[in-house]
K.L.:
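What follows is a single structure, and I will ask about it in a moment.
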Amino acid sequence: SWLKISIFSTRSPSQRVSWCKVEVTVESPKVITVLVSEEKMVHPPAVVTAINLKTIVNEKQNISEIVSASVLCFHNAKIDVPMPAPERKRSGILSHFTVVRNPGGTGYPIGWKKEVADRNSKNSCSVLSFENSERALLNRFFLELYKLDSDVLVGHNISGFDLDVLLQRSQACKVLSSMWSKIGRLKRSFMPKLKGNTNFGFGATPGLMSCIAGRLLCDTDLCSRDLLKKVISCSLTDLSKTLLNRDRKEISPNDIPKLFQSSKTLMELIECGEIDAWLSMEIMFHLNVLPLTLQLTNISGNLWGKTLQGARAQRNEYYLLHTFHSKKYILPDKFSQRMKDIKSSKRRINHGPEDQNVDELDADLALENDPSKGSKTKKGPAYAGGLVLEPKKGLYDKYVLLLDFSSLYPSIIQEYNICFTTIPRSEDGVPRLPSSQTPGILPKLMEHLVTIRKSVKLKMEKESGLKHLELDTRQEALKRTANNMYGCLGSSHSRFYAMPLAELIALQGREILQRTVDLVQNHLNLEVIYGDTDSIMIQSGLDDIEEARAVGAKVIQEVNKKYRCLKIECDGIYKRMLLLRKKKYAAVKLEFKDGKLCEEIERKGVDMVRRDWSLLSKEIGDLCLAKILYGGSCEDVVRAIHNELIKIKEEMRRGQVAIEKYVITKALTKPPEAYTDSKSQPHVQVALRMRQRGYREGFNAKNTVPYIICYEQGGASSGSSAGIADRARHPDEVKSDDSRWLVDIDYYLAHQIYPVVSRLCAEIQGTSPESIEADQPVILLHPSCLLQAMKKDTKTVSRWH
DNA sequence: TCCGGGAGCGC
DNA sequence: AGGCGCTCCCGGA
């Protein structure tokens, strides 16, 4: 939004505290008003700059030193609407710059000076420069950054790496504060504490964030992890491939010194930095990060910069603060856990334990510190959550109806008027539902969100192009805000922590689901085969889709007439469905899109959707699934699967399977050194070894680590005598030394393929009793037989190229 | 064999 | 610094 500042005084250049072009002083915040957005008012274009550093590792001190720094600047980005690639190309103004220095200090390759001069003259401005020290590089870099005056800094893992390195090196190289503080908009004299323990060893510390005051930070690594939950790896290389379909060249820090030997290779290094900056910016635009976070921020009234860093809980907090404040409520102060401890002990000393207030406070504290309640330690759940029905496992080949309550928890808050203002604080147990009919703040706020979202969606349908995209972003943000509320009520760190409310909401959810099941089974005489939290699946027993839809419509009608706000809907119809376990199923789903019936395979929870299985097992799993879901008779399916297994086994033995397919991926939840049981975790072992070899990027907390289970040729620890973790190798290790490390095919057969296939097939035989008579196929898929097919084989060993 | 700790899902 | 429910795998008692 635009701000209107009515009374202000300007400052002389010498008095300025910032690097901004204009600086004014106001007497009171009251002279600043937010202008109500009007249709014609356009948002100012933003200057977005992507940053990428290339670094080498100083082994002695175990730190990263900068050899090259690239910036790529997009001068007129729109912040309110998505900018698809064609739009960016049409209206974009791009500029780029790289500064480089030779880490060996041995000068530059022959012809380099001319090469640089040619480049600069060709672009008719300075796009490339070289310096003789890291300090000079940093000075030049900050100067270029200052000239751009960016609103947004973008980078892949910029908050965890580039920003930290820039400031650490500035400190180490004694770069003047008048230079390094140009990375932000505020003039600084002293470097803040860069290291802090408030960020869990991850992301930018408060000190770092204070350095870029006045600019927004968009870390595409963090953003993509937040927005793309299902993506296997959020490394720049993998995202470039999945999102942009571009191959990225990776350069290991160890190889960088070599690249300074010729002009050609040095230019490649520089281009790599510029391309990385570009990729990061492309990912930002692709994910629509700026418009989405802007919308979320406009709804909640928190800081945009915080939204960019995730901060879901804070968004919720600010939204509630604004709402309660506007209704003239006074809210309690927020205390950190530490503050609570201090206050509590002080009061105890001052007033003695008999003080009633203290008892209350202590009770709160005791509740939070009690591990059995799980509020503080992440041990166990603090209260009961959603209801999951026991699945009636099997393969269903008649239409199955999938019904679910839309936005169950937000609707429950409205339906039962659940709020801080309607439910009295009670000592223990789940509180009772309020009898009051006067809507509380929370229900009203939910209704408000629903109403706005409806109107936005309505408006959206009438618009097209960019306006349509903007409104779509907004309605998505409104939904997220509503769904966020329940989770934050149950979070002990939240300012509005209210476990009794969260507990009550969840309890209502369980009862609603159970009531729905009872209604469907007992009164409508239909069979519910599964359900989870807010959904039920009904076996229609029908072959005709129109009849099935009619049954669905009837159920929806019967359920919905029992509620005021709650609404059950048909989310789809399954033509064929394999129900394996709780939270694990797959189906051929039918959906109506633009009036046309679409068919697609939906997979939930099965091994193939998990990142901790190799591509090999996932592909075989999908193959089997397709046979099961599209296949004909039971014996045909079983035989087809069996043949596939034999085929793939032969291909593996012959070395015809690409090595990439053996890669297993696991995420580090903490820095690799922090694991106490590292010796039993393959990915941790791999990360530790790679870090020791100088690879820093990609082996930190929250990174995903790829590995292959191998055995060492001629090694003493043959086969399974060594632990799995010891035999895990990074794909690069296997590729670079393929005579030493061989893929352990037996491991993959027994531990990657067999379990996946056998789980998928477990229900096949039981489902169609009539086909059991043809006992041959059943034998083929019997576990012992599968194992036979997978495991026992001639002990041939193949090499991988 | 049983039991727990982590991953990583579903909702 | 959102919640709980539910497989799975693995290692150790």
Side-chain angles (χ1 to χ4, degrees), chain A residues 197-203 226 229-230 232 306 309-317 320 334 336-337 368 374-391 402 404-409 480-499 501-503 505-507 509-510 513 530-536 571 580-586 602-613 664-670 674-684 702 704-705 720 723-725 750-752 755-756 758-759 762:
Chain A
N197 43 14
T198 50
N199 68 335
F200 297 92
F202 169 74
D226 196 28
K229 284 266 154 59
K230 282 179 191 152
I232 283 172
K306 282 288 179 185
Q309 290 191 291
R312 283 202 291 265
Q314 199 208 39
R315 248 165 43 220
N316 186 69
E317 177 180 337
L320 288 180
K334 189 183 183 185
S336 66
Q337 189 59 49
E368 281 184 52
S375 309
K376 193 168 188 209
T377 59
K378 262 202 174 142
K379 276 254 165 146
Y383 62 92
L387 174 66
V388 185
L389 305 179
E390 195 55 48
L402 174 57
D404 64 8
F405 287 97
S406 51
S407 303
L408 180 68
Y409 288 173
R480 284 172 192 237
T481 305
N483 288 338
N484 214 1
M485 193 69 64
Y486 159 76
C488 291
L489 289 178
S491 166
S492 59
H493 306 295
S494 163
R495 177 178 194 139
F496 291 93
Y497 175 48
M499 198 181 77
L501 298 191
E503 201 173 2
I505 293 166
L507 172 64
R510 289 195 300 276
L513 187 67
Y530 180 58
D532 184 346
T533 309
D534 63 351
S535 72
I536 54 167
D571 189 46
L580 293 173
R581 316 215 53 163
K582 283 179 174 177
K583 298 182 191 282
K584 285 175 194 268
Y585 59 90
E602 182 165 88
R603 302 166 309 169
K604 289 289 170 70
V606 289
D607 294 325
M608 291 85 79
V609 304
R610 296 174 65 93
R611 71 156 76 95
D612 48 4
W613 292 96
I664 301 166
T665 320
K666 271 217 171 83
L668 293 165
T669 50
K670 45 193 173 188
Y675 281 80
T676 51
D677 56 343
S678 67
K679 64 178 190 301
S680 68
Q681 312 246 33
H683 63 303
V684 180
K702 298 206 181 180
T704 54
V705 179
S720 53
I724 297 295
H751 294 96
Q752 287 278 313
V756 170
S758 91
R759 270 195 286 273

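In what follows, chains are A, B, ... by sequence order, proteins preceding strands, each numbered from 1. Since this is a predicted model, take the numbers as computed values, not measurements.
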K.L.:
Which whole-number value in Å describes the distance from A:K604 NZ to C:dT7 P?
P.N.:
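It is 16 Å, rounded to the nearest whole Å.
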K.L.:
Mind checking A:R759 for me? I need base, sugar-phosphate or nothing, with any heavy atom below 4.0 Å counting as a touch.
P.N.:
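Sugar-phosphate only.
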K.L.:
Picking from C:dG5, C:dG3, B:dC9, which would you name as closest to the side chain of A:P381?
P.N.:
C:dG5
K.L.:
Whole angstrom is fine here: how far is it from CD in A:E503 over to P in C:dG2?
P.N.:
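Those two atoms, CD and P, are 21 Å apart.
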K.L.:
Given the structure, check if the side chain of A:R611 and the base of B:dG8 hold any donor-acceptor pair shorter than 3.5 Å.
P.N.:
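Counting by modelled atom types and ignoring angles, no donor-acceptor contact under 3.5 Å is found here.
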K.L.:
How many angstroms lie between CD1 in A:I664 and CD in A:Q752, if you round to the nearest 0.5 Å?
P.N.:
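That separation rounds to 4.0 Å.
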K.L.:
Tell me, do A:Y486 and A:L501 make a side-chain contact under 4.5 Å, heavy atoms counted?
P.N.:
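In short, these two side chains do not touch, never coming nearer than 4.5 Å.
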K.L.:
Want to settle it: does A:G487 or A:D607 sit nearer the 5' end of DNA chain C, counting the closest nucleotide to each?
P.N.:
A:G487
K.L.:
Would you say the side chain of A:K604 lies within less than 4.5 Å of the side chain of A:V609, judging by non-hydrogen atoms?
P.N.:
no
K.L.:
How many Å lie between CG on A:D534 and P on B:dG10, as a whole number?
P.N.:
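Nearest whole value for this atom pair: 14 Å.
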K.L.:
I need the OH-C1' distance between A:Y530 and B:dG10, as an integer number of Å.
P.N.:
7 Å
K.L.:
Which nucleotide, C:dT7, B:dC9, C:dC9, lies nearest any side-chain atom of A:K584?
P.N.:
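In terms of side-chain proximity for A:K584, the closest of C:dT7, B:dC9, C:dC9 is C:dT7.
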K.L.:
Within the 4.0 Å heavy-atom criterion, would you say A:Y585 contacts the bases, only the backbone, or no part of the nucleic acid?
P.N.:
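It contacts sugar-phosphate atoms only.
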K.L.:
Side chain of A:Y383: nearest nucleotide among B:dG10, C:dG3, C:dG5?
P.N.:
C:dG3
K.L.:
Could you please name the option among B:dC11, B:dA7, C:dG2 that lies closest to any side-chain atom of A:A313?
P.N.:
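The answer is C:dG2, which lies nearest to the side chain.
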K.L.:
Nearest to the side chain of A:A384, heavy atoms from C-beta on, is which of C:dG5, B:dG8, B:dC11?
P.N.:
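Looking only at side-chain atoms, A:A384 lies closest to C:dG5.
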K.L.:
For A:R312, answer base if it contacts any base atom (sugar-phosphate contacts may also be present), sugar-phosphate if it contacts only those atoms, and nothing otherwise; contact means non-hydrogen atoms under 4.0 Å.
P.N.:
base
K.L.:
A:Y486 has an atom OH; how far is it from atom P of C:dG2, in whole Å?
P.N.:
15 Å
K.L.:
Between C1' on C:dG2 and CG on A:L489, what's the gap in Å once rounded to a whole number?
P.N.:
10 Å
K.L.:
Counting side-chain heavy atoms from CB outward, which of C:dA1, B:dG6, C:dG2 is closest to A:T669?
P.N.:
B:dG6
K.L.:
With sugar-phosphate meaning primed atoms plus P, OP1 and OP2, does A:G490 contact a base, only sugar-phosphate, or nothing at under 4.0 Å between heavy atoms?
P.N.:
sugar-phosphate
K.L.:
For A:A667, report the nucleic acid contact type (base, sugar-phosphate, nothing); a contact means any heavy atom under 4.0 Å.
P.N.:
sugar-phosphate
K.L.:
To the nearest Å, give me how far apart OH (A:Y497) and P (C:dG3) are.
P.N.:
10 Å
K.L.:
What's A:S494 touching, base or sugar-phosphate or nothing? Going by heavy atoms closer than 4.0 Å.
P.N.:
nothing
K.L.:
Kindly indicate whether the side chain of A:V606, heavy atoms from C-beta on, has any atom under 4.5 Å from the side chain of A:R759.
P.N.:
no
K.L.:
With A:L513, which of A:T533, A:L408, A:I536 fulfils side chain to side chain contact (heavy atoms under 4.5 Å, CB included)?
P.N.:
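Answer after filtering A:T533, A:L408, A:I536: A:I536.
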K.L.:
Is A:K582 close enough to C:dC6 that one of its side-chain N or O atoms is under 4.0 Å from OP1 or OP2 there?
P.N.:
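Yes, within the criterion.
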K.L.:
For atom NZ of A:K582, is the number of surrounding heavy atoms from other residues, nucleotides or ligands below 6.0 Å larger than 12?
P.N.:
yes
K.L.:
Take the protein atom CD of A:Q681 and the nucleotide atom P of C:dC9, then report the distance between them rounded to whole Å.
P.N.:
15 Å
